[in-house]
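Provided herewith is a single structure, encoded as structure tokens, for subsequent inquiry.
The analysis underlying the following values was restricted to heavy atoms, covering all of them including side chains, and did not include hydrogens, waters or symmetry mates.
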Amino acid sequence: MTGNRTLRAASASAVAVTFALALAGCATPSPSPTGSPSASTTTTPRPTSTATTTATPIDGQCDTGDLSGTIGRGGGGAAGSVEVTLVLTNNGSGECSLQGWPGVSFVGDGNGTQLGAAAEFDRSTPHPTVVLQPGGTAQAPLRITQALNYPEADCQPKQADGFRVYPPGSTESLFVKDANVTACTKDSVTLLTVGALVAG
């Protein structure tokens, strides 16, 4: 009997020691890693275009560097506005195509600073793909509301140097000179409305 009591006491002591060691292991904090921290990957946002134009480039898209622009006579215009024609000419050695609405805005200050809001698009006009042979042209109607229609405080009128034009689908622009136009420098006033390009 004495031997059995001794064995039971020894077993109980061993269990108690094991339980105490287990508790100590749980209470001991894990050591901090000593190696270099793992590298994290940062995704850089893709830049977005600020060009005011429509659509994406089409097959055979005209290179903006091969285009020049002029302002031609238009179809008159309603009271308080005038309609002119924006003409783009292909100066390249091969044919190219344009389709959609060009982005148009007034520029001034002798350095291409945009003056006021960009043109709204007249989406009621047809917008076919226009194929320009070398020397060929495409044209779009451009309606210009007179700045004097608005109170000076609302418009803040300023003489413009001409227009910045983004061909459809392009993030590059060209300058079209026209010193006979007055812009509203307030973005809350929109003076320009442009139709889609058609064959010239």
Look at the side chain of Thr125 and the backbone N and O of Ala196, then say whether any donor-acceptor pair between them is shorter than 3.5 Å.
yes
Hey, quick one: are Ile71 and Val82 part of the same hydrophobic cluster, counting side-chain heavy atoms closer than 4.5 Å, chains of contacts allowed?
yes
Asp59 atom CG, over 12 foreign heavy atoms within 6.0 Å:
no
Output the distance between atom CG (Leu197) and atom SG (Cys62), rounded to the nearest 0.5 Å.
9.5 Å
Minimum heavy-atom separation for Gly103 and Phe121, please, with both atom names.
CA-CE2, 4.4 Å
For the backbone of Leu191 and the side chain of Gln146, can you confirm whether one donor and one acceptor N or O come within less than 3.5 Å of each other?
no
Would you list the atom pairs, donor with acceptor, under 3.5 Å between side chains in residues 127-138 and any protein atom, with sequence neighbours excluded?
{"unit_1": "Gln133", "atom_1": "NE2", "unit_2": "Glu95", "atom_2": "OE1", "d": "2.8"}

Nearest 0.5 Å please: distance from the CG atom of Leu148 over to the OG1 atom of Thr182.
6.5 Å
Calculate, to the nearest 0.5 Å, the distance between atoms NZ and OG1 belonging to Lys158 and Thr185 respectively.
7.5 Å
Out of curiosity, does Leu174 fall in the hydrophobic cluster containing Leu142 (side-chain heavy atoms, cut-off under 4.5 Å, transitive links)?
yes
Residues in side chain to side chain donor-acceptor pair (under 3.5 Å) contact with Ser188, at least two apart in sequence or another chain:
none
Inter-residue atom distance Asp154.CG - Lys186.NZ, 0.5 Å rounding:
8.0 Å
What one should report as the nearest heavy-atom pair of Leu88 and Gly69 is CD2-CA, 4.0 Å
What's the spacing between Leu98 CG and Thr64 OG1 if we round to 0.5 Å?
8.5 Å
Do Glu152 and Pro157 have side chains that get closer than 4.5 Å, going by heavy atoms?
yes
For a quick test of reading the model, state the closest non-hydrogen atom pair linking Asn91 to Ser68 and the distance between them.
ND2-OG, 2.9 Å
Verdict with reasoning, Thr89 to Leu67, per side-chain contact (heavy atoms from CB on, under 4.5 Å):
CA-CA 5 Å; Thr89 301; Leu67 297 174; over 6 Å; no
Taking Asp122 first and then Arg143, would you say they form a salt bridge - that is, a charged N and a carboxylate O separated by under 4.0 Å?
no
Val181 with Val107, same ILVMFWY side-chain cluster at under 4.5 Å:
no
Is Val198 reachable from Trp101 through a run of I, L, V, M, F, W or Y residues, each pair having side-chain heavy atoms under 4.5 Å apart?
no
Ignoring hydrogens, what is the shortest heavy-atom contact between Glu83 and Pro141? Give both atom names and the distance.
OE2-CB, 3.8 Å
Report the C-alpha separation of Arg164 and Ser173 in whole Å, then their side-chain angles, then the decisive distance to 0.1 Å, and conclude whether the side-chain contact (heavy atoms from CB on, under 4.5 Å) test is met.
CA-CA 6 Å; Arg164 177 182 292 120; Ser173 64; 3.6 Å; yes
Output field: ring centroids Phe106/Phe163 closer than 6.0 Å:
yes
For the SG atom of Cys96 and the CG atom of Asp63, what is their distance to the nearest 0.5 Å?
8.5 Å
How close do Ala118 and Thr190 get, heavy atom to heavy atom, and via which atoms?
O-CG2, 3.8 Å
Taking atom CD as the centre, does Glu120 end up with more than 12 heavy-atom neighbours from other residues, nucleotides or ligands that are less than 6.0 angstrom away?
no
What is the minimum heavy-atom distance between Leu115 and Ala183, and which atoms define it?
CB-CB, 3.9 Å
List the steps, then state whether side-chain contact (heavy atoms from CB on, under 4.5 Å) holds for Val104 with Tyr166.
CA-CA 7 Å; Val104 183; Tyr166 287 94; over 6 Å; no
